[in-house]
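First comes the structure, then the notes that go with it.
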Amino acid sequence: QVQLVESGGGLVQAGGSLRLSCAASGRTFRSYVMGWFRQTPGKEREFVAAVSWRGSRTAYADSVKGRFAISRDNAKNTLYLQMNSLKPEDTAVYYCAAAISFDQSTDPRSYNSWGQGTLVTVSS
């Protein structure tokens with residue numbers, strides 16, 4: 001398994017931007033499909049975005065499409081989530097995760113490694 005550590009969360013006003021990072025340990029990072037999920041208290045973990053091994057394929061939740069962009073740098077073992085035009089409803093703890101297959105990348109059950117999460121708060 002790969003160990004994951006998120007960073008970059010914080011407080012931002014509505015309409016602002018943040019970039020989340022997820023640092024991965026080990027030399028197998030490039031073998032994994034990577035995803036971002038988010039969760040608010042009392043709700044299930046929600047898919048945000050996913051990217052394939054080489055970054056050639058991406059997937060987004062409808063709620064973030066056109067505002068968020070997922071990317072990865074395999075040389076740096078790092079995953080990113082650029083979040084623009086943030087809304088109060090984007091407030092959540094954001095998690096990065098690693099999976100084997102892109103085909104089920106929207107399903108959190110497909111992921112076998114998770115970071116500890118980073119809190120994003122968007123004020124109105």
Side-chain angles (χ1 to χ4, degrees):
Q1 289 187 345
V2 61
Q3 282 72 49
L4 305 171
V5 179
E6 302 94 336
S7 62
L11 175 64
V12 64
Q13 288 188 333
S17 298
L18 278 177
R19 188 175 82 156
L20 304 184
S21 298
C22 172
S25 64
R27 294 177 290 179
T28 59
F29 174 74
R30 64 185 66 222
S31 301
Y32 288 95
V33 170
M34 297 299 298
W36 287 100
F37 289 78
R38 64 188 183 188
Q39 190 170 24
T40 54
K43 293 189 177 181
E44 294 186 353
R45 199 161 290 189
E46 174 190 24
F47 170 76
V48 175
V51 62
S52 60
W53 305 284
R54 297 181 182 177
S56 57
R57 298 172 67 187
T58 57
Y60 294 94
D62 287 343
S63 59
V64 307
K65 205 170 290 184
R67 299 188 297 123
F68 290 11
I70 188 171
S71 62
R72 65 191 298 164
D73 186 335
N74 288 340
K76 296 182 178 179
N77 280 9
T78 304
L79 174 73
Y80 303 100
L81 184 68
Q82 178 66 44
M83 305 187 295
N84 300 325
S85 301
L86 282 161
K87 304 175 181 180
E89 51 262 44
D90 294 318
T91 295
V93 176
Y94 283 72
Y95 299 89
C96 66
I100 300 299
S101 172
F102 189 82
D103 292 341
Q104 303 295 328
S105 60
T106 62
D107 186 344
R109 296 171 296 179
S110 298
Y111 292 78
N112 51 25
S113 295
W114 292 84
Q116 83 291 345
T118 185
L119 177 63
V120 172
T121 303
V122 184
S123 63
S124 57

- Item | Heavy-atom donor-acceptor pair, T58 side chain to V51 backbone, under 3.5 Å | no
So R38 and S63, side chain to side chain contact (heavy atoms under 4.5 Å, CB included) or not? Walk me through it. CA-CA 12 Å; R38 64 188 183 188; S63 59; 3.5 Å; yes
Rounded to the nearest 0.5 angstrom, the OG-OH distance for S7 and Y94 is 15.0 Å
In terms of heavy-atom contacts, A97 and L4 come closest through CA-CD1, 3.7 Å
Smallest heavy-atom separation, F47 atom then A59 atom, equals CZ-O, 3.7 Å
* Hphob cluster co-occupancy, L18 + V64, side-chain heavy atoms under 4.5 angstrom -> yes
Whether the side chain of R72 engages the backbone of V33 through a donor-acceptor N/O pair (distance < 3.5 Å, no angle test) should be reported. no
Closest non-hydrogen atoms of A98 and V2, given as atom of the first, atom of the second and distance, are CB-CG1, 3.6 Å
*asked:* Tell me if a side-chain donor or acceptor on W53 pairs with a main-chain N or O of S31 at a distance below 3.5 Å.
replied: yes
| query | Is K87 paired with D90 through a side-chain N to carboxylate O contact shorter than 4.0 Å? | reply | no
The reported gap from CG in L20 to OG1 in T78 (rounded to nearest 0.5 angstrom) is 13.0 Å
The residue among L11, V122, T40 that forms side chain to side chain contact (heavy atoms under 4.5 Å, CB included) with T91 is V122
Side chains of N112 and Y32 in contact at under 4.5 Å (non-hydrogen atoms)
yes
**Q.** Same cluster (ILVMFWY, side-chain, under 4.5 Å), I70 and F68
**A.** yes
Is there a side-chain contact between F37 and T106, using heavy atoms and a 4.5 Å cut-off?
no
Do Q3 and S25 get their side chains close enough for a donor-acceptor pair, meaning under 3.5 Å? yes
Determine yes or no for a side-chain-to-main-chain donor-acceptor pair under 3.5 angstrom, with E6 supplying the side chain and Q116 the backbone.
-> yes
Q.
Set out, in order, the CA-CA distance, both residues' side-chain angles and the distance that settles side chain to side chain contact (heavy atoms under 4.5 Å, CB included) for S105 and R57, then state yes or no.
A. CA-CA 11 Å; S105 60; R57 298 172 67 187; over 6 Å; no
Just checking Q104: does its CD atom have more than 12 heavy atoms from other residues, nucleotides or ligands closer to it than 6.0 angstrom?
no
Taking every heavy atom of A92 against every heavy atom of L119, the minimum-distance pair comes out as O-CD1, 3.6 Å
Please determine whether residues I100 and W36 belong to a single hydrophobic cluster, defined as Ile, Leu, Val, Met, Phe, Trp and Tyr linked transitively by side-chain heavy-atom distances below 4.5 Å. yes
Smallest heavy-atom separation, G115 atom then Y95 atom, equals O-CD2, 3.6 Å
CE of M34 to CG of L81, rounded to nearest 0.5 Å, is 11.5 Å
A69 and Y60 have their tightest heavy-atom pair at CA-OH, 3.3 Å
CE of M83 to CZ of R19, rounded to nearest 0.5 Å, is 11.5 Å
Tell me whether W114 at atom CH2 has more than 12 heavy atoms from other residues, nucleotides or ligands lying less than 6.0 Å away. yes
